[in-house]
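Here the structure is laid out as structure tokens; the discussion comes afterwards.
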Amino acid sequence: MAITGVLRPGHMQLKVLDLDEAVEFYSNVVGLVQTGRDATRAYFKGWDERDHHSLILRDAGEAGMDFYGFKVADDATLATLEADLKNYGVTTERVPAGDLLETGERVRFQIPSGHLIELSSQKTDVGNGMGYINPPPWNEAAERGIAPIRMDHALLYGPDIEKVQALFVDVLGFYLVEHILLEDGKTDLAIWLSCSTKAHDIALVRNEEPGKLHHTAFLLDSWEKVLRAADLMSMNRVTIDMGPTRHGVTRGTTIYAFDNSGNRFETFCGGYQSYPDWEPLTWTWDEVGPAVFYHDRKLNPAFLGVYT
Amino acid sequence: MAVHTITVEPTGQQFLCPDTKNVLVAMEYLGCDGIQVGCRNGGCGVCRVQVLAGTYTAKKMSKAHVDEADLAAGVVLSCRIFPTSDLTVRVCPKPTVEPALHPTASAGNDG
Ligand code: FES
Ligand SMILES: [Fe+2]
């Protein structure tokens with residue numbers, strides 16, 4: 001097994017203003033599959049995800065992110081990474097199994113940008129509905145609403161992103177794929193980190209206010225489907241922030257839009273495949289426009305100032 | 001459908017708002033820009049205003065940006081209010097610090 005340690009983003013718990021309205025939005029407009037509900041939360045996954053859930057919505061009376069979790073290879077890896085975090089000086093806690101439906105114990109810790117990150121090794125395999133023997137390529141869930149394949153990555157806003165980078169690289173085995181430099185040519189405005197061959201599994205933008213969410217991204221498999229997503233957004237009066245367009249960073253095609261609690265989400269396609277031995281790509285401060293929005297070649301006012 | 005006139009202070013900009021549209025989206029539809037536009041869904045707080053005169057109905061707003069005292073003072077998120085009369089509002093953004101594209105701002109509190 002070549003991918004070891006941290007495998008992929010496993011879950012994000014998102015705060016919403018009204019749970020019923022948010023469930024309606026993520027079910028019918030975004031087209032995620034609802035897999036569970038507890039007293040305050042609803043659970044969703046993309047149609048081709050196999051673990052029980054990736055997106056959790058919590059009725060919170062405000063917007064934003066509670067925590068972002070990664071799936072690790074197995075229980076032994078979880079124990080090893082927990083010990084490594086402690087040795088690095090990070091305070092960790094264990095959240096009991098079953099706190100999230102169909103999920104084992106989670107190791108939770110706060111990173112220097114103010115966000116809560118979790119690692120977990122156990123989540124029930126509920127499958128994608130097409131079985132494990134002679135499966136068809138897709139099913140009707142793949143066409144309902146925007147219908148992303150899976151939750152893909154998140155962009156978080158907070159301070160001290162160089163410390164976050166060190167922690168993710170030195171302890172959790174991530175590597176830097178791309179970064180945008182500030183005017184001094186040394187300090188990063190933004191970093192894109194991968195634990196896989198994806199162009200990013202997590203990204204951060206330097207921001208004075210800690211613990212903020214810029215967006216959570218859902219994966220589509222073609223530019224055509226990004227355009228279809230834009231049509232569905234307009235048909236459903238969804239607020240589009242930017243796009244359809246392309247990012248310079250990662251080369252991914254994209255739409256930024258807002259859910260009905262004001263949380264930004266992205267419908268993302270592509271991004272090149274990356275490897276840990278590759279030299280990271282660098283964007284300079286004077287090219288930040290095309291780095292973020294390749295066609296417009298400038299930031300929109302909401303990129304730096306609107307987050308939850 | 002009733003239509004009301006919205007006046008935005010301090011610019012004095014005016015636009016029409018049908019009672020079926022929230023104040024922020026009605027502003028955008030007519031190409032006006034007196035209030036900052038963000039998520040248009042009551043979550044990010046950038047469209048915060050204080051209603052100085054007039055009546056409205058409101059949908060849920062993030063309590064991180066509008067608390068009970070704010071509501072009592074007519075401080076609301078303009079993307080979540082629907083006018084039931086003409087309104088005068090004053091722009092009242094949340095205090096926010098954006099990351100600046102120079103290193104001094106990123107390292108200190110002077111951004
Ligand atoms: S625009 Fe985000 S709260 Fe109104
Ligand atoms: Fe993204």
Side-chain angles (χ1 to χ4, degrees), chain A residues 14-19 21-22 25 59-64 157-162 180-190 205-209 212-214 237-241 256-265 284-286 288-289 299-308, chain B residues 18 20-29 32-48 57-68 70-71 75-82 91 93-111:
Chain A
L14 203 58
K15 296 186 277 189
V16 299
L17 295 179
D18 183 295
L19 189 58
E21 287 181 15
F25 181 82
D59 213 340
E62 62 184 48
Y157 272 39
D160 293 329
I161 61 173
E162 62 288 331
I180 301 176
L181 288 168
L182 289 164
E183 272 176 28
D184 67 355
K186 295 195 288 279
T187 314
D188 282 323
L189 169 70
V205 165
R206 187 181 301 277
N207 184 54
E208 192 162 316
E209 200 177 352
K212 293 296 166 184
L213 173 69
H214 185 272
R237 304 297 185 269
V238 175
T239 288
I240 291 180
D241 178 32
Y256 285 159
F258 294 100
D259 74 8
N260 54 2
S261 298
N263 292 303
R264 190 187 278 96
F265 69 100
T284 54
W285 68 273
D286 54 318
V288 65
L299 299 183
N300 69 345
F303 183 76
L304 292 177
V306 174
Y307 48 75
T308 55
Chain B
T20 52
K21 277 200 167 62
N22 70 63
V23 165
L24 190 73
V25 164
M27 178 194 80
E28 282 188 288
Y29 264 61
C32 297
D33 58 1
I35 308 170
Q36 193 184 337
V37 178
C39 68
R40 306 182 189 86
N41 280 284
C44 76
V46 301
C47 70
R48 204 165 174 267
T57 59
K59 290 179 65 180
K60 284 185 185 172
M61 296 176 258
S62 166
K63 64 181 192 221
H65 300 294
V66 172
D67 62 21
E68 291 297 321
D70 291 329
L71 286 175
V75 173
V76 294
L77 301 175
S78 56
C79 65
R80 301 295 265 191
I81 64 166
F82 298 78
V91 174
K94 62 167 182 168
T96 178
V97 183
E98 294 178 19
L101 289 176
H102 57 89
T104 48
S106 67
N109 293 319
D110 56 353

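Note that the structure is a prediction, hence the values are computed from the model and not measured. Chain identifiers are assigned alphabetically (A, B, ...) following the order of the sequence lines, protein sequences preceding nucleic acid strands; residue numbering begins at 1 within each chain.
- In terms of modelled atom types and a separation under 3.5 Å, the side chain of B:K63 and the main chain of A:A60 share a donor-acceptor contact.
- In this structure, the ring pair (Phe, Tyr, Trp, His ring centres under 6.0 Å) partners of A:F303, at least two apart in sequence or on a different chain, are A:H214, A:F293.
- Residue A:D160: no heavy atom, backbone or side chain, is found under 4.5 Å from chain B.
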For this session: List the steps and the verdict of side-chain contact (heavy atoms from CB on, under 4.5 Å) for B:C39 and A:N263.
Result: CA-CA 7 Å; B:C39 68; A:N263 292 303; over 6 Å; no

Exercise. Which is it for A:L17 and B:R80 under the side-chain contact (heavy atoms from CB on, under 4.5 Å) test, yes or no, and what are the steps along the way?
Worked result: CA-CA 12 Å; A:L17 295 179; B:R80 301 295 265 191; 3.7 Å; yes

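- Contact of B:V37 with chain A is made through the backbone alone, with heavy-atom distances under 4.5 Å.
- Rounding to the nearest 0.5 angstrom, the gap separating the NZ atom in A:K15 from the OG atom in B:S62 is 8.0 Å.
- Take B:D70 and apply the side-chain contact (heavy atoms from CB on, under 4.5 Å) test, not counting sequence neighbours, and it matches B:R48, B:V66, B:D67, B:V75.
- Note: B:H65 NE2 to A:T308 OG1 = 7.5 Å, rounded to the nearest 0.5 Å.
- Residue contact with chain B, scored on non-hydrogen atoms closer than 4.5 Å, is absent for A:I161.
- Minimum interatomic distance between A:T239 and B:N41 (heavy atoms only, all atoms of both residues): OG1-ND2, 3.7 Å.
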